Chemist: 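Once you've had a glance at the structure underneath, I'll fire off some questions.
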Amino acid sequence: MGWIRPRKPRDDTPVYYDLWAQEDPNAILGRHKMHVPAPKLRLPGHEESYNPPPEYLMTEEEKLAWEQQDPEDRKLSFIPKAHSSLRAVPAYSRFIHERFERCLDLYLCPRQRKMRVNVDPEELIPKLPKPRDLQPFPTTQSMVYRGHTDLVRCISVSPSGQWIVSGSDDSTLKFWEVCSGRCMKTVHLDGAIKSVNWNPYASLVLVAACVERSVVIVNPGLGDRLLCSSTDQHLEAYEPPEEQKQQPVTWVAAEGADYEQGLRLRIHHEKAVKQVTWHSRGDYFAVVIPDNGNSQVLIHQLSRRRSQNPFRKNKGQVQRVQFHPSRPFFFVATQRYVRVYNLLKQELTKKLLANCKWISSIAIHPAGDNLIYGSYDSKLAWFDMDLSTKPYKVLRHHKKALRAVSFHKQYPLFASASDDGCVIVCHGMVYNDLLQNPLIVPVKVLRGHEIVRDLGVLDVVFHPTQPWVFSSGADATIRLFT
């Protein structure tokens, strides 16, 4: 029935297994595929020879110096010796020592394979458009306005672009015609003029200037006579209220010789005034009084002749203030920060972190979402306020401190003036597409100002309609680049 089965004869041939057949190449044991060969020893040179050429042998002084050096500082680990024949060469005394060190090096040396990526260095440089594709921008000096006898600290252009006003340390305010370079009017004041600003509102012909402890409001009487007389009527229409409130400043109407010069109002402050800037509607203007404790910033209203201190206390020393071109925002730059306040809600909306030591000047893009600042440690930074509270780009093109920065109202241009005597004009294009970052390309370095007492260019402003830039310097001149 087949129930009994004979035993199979035993097969005594040995069976071998392939230990590595199922090996996972990524496992630890698969590392021998990534074998990195040991670094080869340096091949012996002439100095290792048993009979080296005489220039390889050391003199007595060299031997002494070699013995005094630390082992790791020595160029050679042995002293070359000359032997008459190969039979006379003794056993090498450091043989065991060197083999041992080589073994140590091999097993203690961490080795890994570096994957090198072949990158063309040209590809790492950002592709910027050529300056000639970004025209128009100012390229040549076409006019020099001479007449001041001391450094010209500040300049401002009228909204029509026909006149320019300059304030100097020689205590005069000069009004020039832009196209002819003629000085139309000189107003003598009682001190150096630290800041001047032409009212941006086209139907008011007024200029505000900071002199020592006061701000003077001047009607230059240039251009349309009807506008000048209506401006005077606007100022004279003021009627003081029945009950006077306590004000931080005193408003004084100009009379006599001052009125003949064109002065209309004087606003006396308690300390020296550093900067004045108008609101775009032309009725409010803000001033900076650096040493005035908690009232470093004051906002004055022209039509009602009243002043207010918008901040209960100031954080840090205020350097510059600026009104937003279209929205109710107010920018206050201290030494390290730019704070953006909402004037309607009376609250802080943003605090921009300037990574510099000391801000010297700020400028707001006409669209209002971007801002640049210049600093005394020769940096210019561009803030995209929708993007971040840190600078979007920092430009270090100037060698010395930046004194002023400015945006053009219509063209995508901005300029910076520095103590190295240059004005650098850059193309700064802001796109309507929120996903596209601004394009910043330096296009031109404008030279011409001489450096006097370590001061170069002190102020820079653009023409309101043309791609021209005005700069004023310590050499007592104002220059127009077109």
Side-chain angles (χ1 to χ4, degrees), residues 135-168 170 172-188 193 195-209 218-231 261-262 278 280 282 363 366 404 406-417 422-425 443-450 457-482:
Q135 284 172 334
F137 54 83
T139 53
T140 47
Q141 178 181 306
S142 53
M143 188 89 73
V144 181
Y145 305 87
R146 297 181 194 278
H148 283 293
T149 54
D150 205 343
L151 47 93
V152 186
R153 270 194 198 278
C154 44
I155 49 177
S156 185
V157 188
S158 68
S160 63
Q162 191 180 356
W163 320 100
I164 182 169
V165 58
S166 59
S168 164
D170 59 10
T172 60
L173 203 62
K174 284 187 187 287
F175 293 88
W176 314 79
E177 187 173 28
V178 167
C179 297
S180 63
R182 200 167 130 223
C183 180
M184 307 297 288
K185 183 175 187 156
T186 303
V187 178
H188 295 276
I193 293 145
S195 170
V196 64
N197 204 329
W198 203 298
N199 193 324
Y201 196 56
S203 54
L204 285 176
V205 188
L206 286 175
V207 172
V218 181
N219 181 346
L222 298 171
D224 192 340
R225 293 221 181 123
L226 278 172
L227 277 179
C228 295
S229 57
S230 72
T231 303
Q261 278 200 93
W278 288 95
S280 57
S406 171
F407 270 111
H408 197 288
K409 290 225 169 43
Q410 292 171 2
Y411 290 94
L413 294 172
F414 64 95
S416 55
C422 306
V423 173
I424 294 185
V425 179
V443 287
K444 187 72 184 164
V445 180
L446 301 169
R447 291 187 176 87
H449 283 281
E450 291 158 29
V457 189
L458 297 173
D459 202 1
V460 60
V461 289
F462 278 100
H463 190 279
T465 52
Q466 301 288 341
W468 301 347
V469 69
F470 299 90
S471 63
S472 70
D475 53 359
T477 63
I478 300 137
R479 291 166 196 263
L480 164 63
F481 298 93
T482 59

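Since the model is a prediction, treat every value here as computed from it, not as a measurement.
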Chemist: So V205 and L222, do their side chains get closer than 4.5 Å, heavy atoms only?
Modeler: no
Chemist: Side chain of S158, backbone of I164: donor and acceptor closer than 3.5 Å?
Modeler: no
Chemist: Who pairs with S166 by side-chain hydrogen bond (donor to acceptor under 3.5 Å, both in side chains), at least two apart in sequence or on another chain?
Modeler: H148, W176
Chemist: Should L227 and S203 be marked as a side chain to side chain contact (heavy atoms under 4.5 Å, CB included) after you check the CA-CA gap, both sets of side-chain angles, and the distance that decides it?
Modeler: CA-CA 6 Å; L227 277 179; S203 54; 4.2 Å; yes
Chemist: Show me the pairs that pass salt bridge (Lys or Arg N to Asp or Glu O under 4.0 Å) and involve residues 195-209, at least two apart or across chains.
Modeler: none
Chemist: Suppose we screen for ring-ring contact (aromatic ring centres under 6.0 Å, His included). Which residues come up paired with F462, at least two apart in sequence or across chains?
Modeler: H408
Chemist: Could you check if a side-chain atom of L446 sits within less than 4.5 angstrom of a side-chain atom of Q141, using non-hydrogen atoms only?
Modeler: no
Chemist: Measure from the side-chain N and O atoms of S168 to the backbone N and O of D170, and report whether any donor-acceptor pair falls under 3.5 Å.
Modeler: yes
Chemist: Which atom names give the shortest non-hydrogen contact between H463 and Q466, and what distance separates them?
Modeler: ND1-N, 3.1 Å
Chemist: Any chance you could measure S142, atom OG, to L480, atom CG, to the nearest 0.5 Å?
Modeler: 4.0 Å
Chemist: What residue pairs, at least two apart or across chains, pass salt bridge (Lys or Arg N to Asp or Glu O under 4.0 Å) with a residue in residues 466-482?
Modeler: D475-R479
Chemist: Under the side-chain hydrogen bond (donor to acceptor under 3.5 Å, both in side chains) definition, can you give me all pairs with a residue in residues 219-228, not counting sequence neighbours?
Modeler: N219-D232
Chemist: So, using side-chain hydrogen bond (donor to acceptor under 3.5 Å, both in side chains) as the criterion, who are the partners of S280 when residues are at least two apart?
Modeler: none
Chemist: Say you draw a straight line from CD1 of I155 to OG of S195; how long is it, rounded to the nearest 0.5 Å?
Modeler: 11.5 Å
Chemist: Can you list every salt bridge (Lys or Arg N to Asp or Glu O under 4.0 Å) pair that touches residues 459-468, not counting sequence neighbours?
Modeler: none
Chemist: Rounded to the nearest 0.5 Å, what separation is found between the CG atom of L151 and the OG atom of S472?
Modeler: 9.0 Å
Chemist: List in chain and number order the residues that pass ring-ring contact (aromatic ring centres under 6.0 Å, His included) with F481, two or more places apart in sequence or in another chain; answer none if no residue qualifies.
Modeler: none
Chemist: Output the distance between atom CG (L413) and atom OG (S406), rounded to the nearest 0.5 Å.
Modeler: 10.0 Å
Chemist: Applying ring-ring contact (aromatic ring centres under 6.0 Å, His included), name anything that partners W278, two or more places apart in sequence or on another chain.
Modeler: F285
Chemist: If the condition is ring-ring contact (aromatic ring centres under 6.0 Å, His included), which residues does F175 pass it with, not counting sequence neighbours?
Modeler: W198
Chemist: Shortest non-hydrogen contact from T186 to K174?
Modeler: OG1-NZ, 3.2 Å
Chemist: Are any side-chain N or O atoms of Y201 and backbone N or O atoms of L206, one a donor and one an acceptor, separated by less than 3.5 Å?
Modeler: no
Chemist: What heavy-atom pair brings S156 and V196 nearest, and what distance separates the two atoms?
Modeler: CB-O, 3.8 Å
Chemist: Does atom NZ of K409 have more than 12 heavy-atom neighbours, drawn from other residues, nucleotides or ligands, at distances under 6.0 Å?
Modeler: no
Chemist: With a 6.0 Å cut-off (strictly less than), is the heavy-atom count around CD of E450, excluding the residue itself, greater than 12?
Modeler: no
Chemist: At their closest point, which heavy atom of Q410 faces which heavy atom of T465, and how far apart are they?
Modeler: OE1-O, 3.6 Å
Chemist: In the structure I gave you, are the side-chain heavy atoms of T482 and T140 within less than 4.5 Å of one another anywhere?
Modeler: yes
Chemist: Return the minimal non-hydrogen interatomic distance between A202 and P159, and the atom names on each side.
Modeler: CA-CG, 4.5 Å
Chemist: Write down the atom of G161, the atom of V178, and the distance for their closest heavy-atom approach.
Modeler: O-CG2, 3.7 Å
Chemist: Please, which pairs that meet salt bridge (Lys or Arg N to Asp or Glu O under 4.0 Å) have at least one residue in residues 137-157, sequence neighbours excluded?
Modeler: D150-R453, R153-D169
Chemist: Do L173 and P220 make a side-chain contact, defined as non-hydrogen atoms from C-beta onward lying under 4.5 Å apart?
Modeler: no
Chemist: Mind checking what makes side-chain contact (heavy atoms from CB on, under 4.5 Å) contact with Q135, not counting sequence neighbours?
Modeler: F137
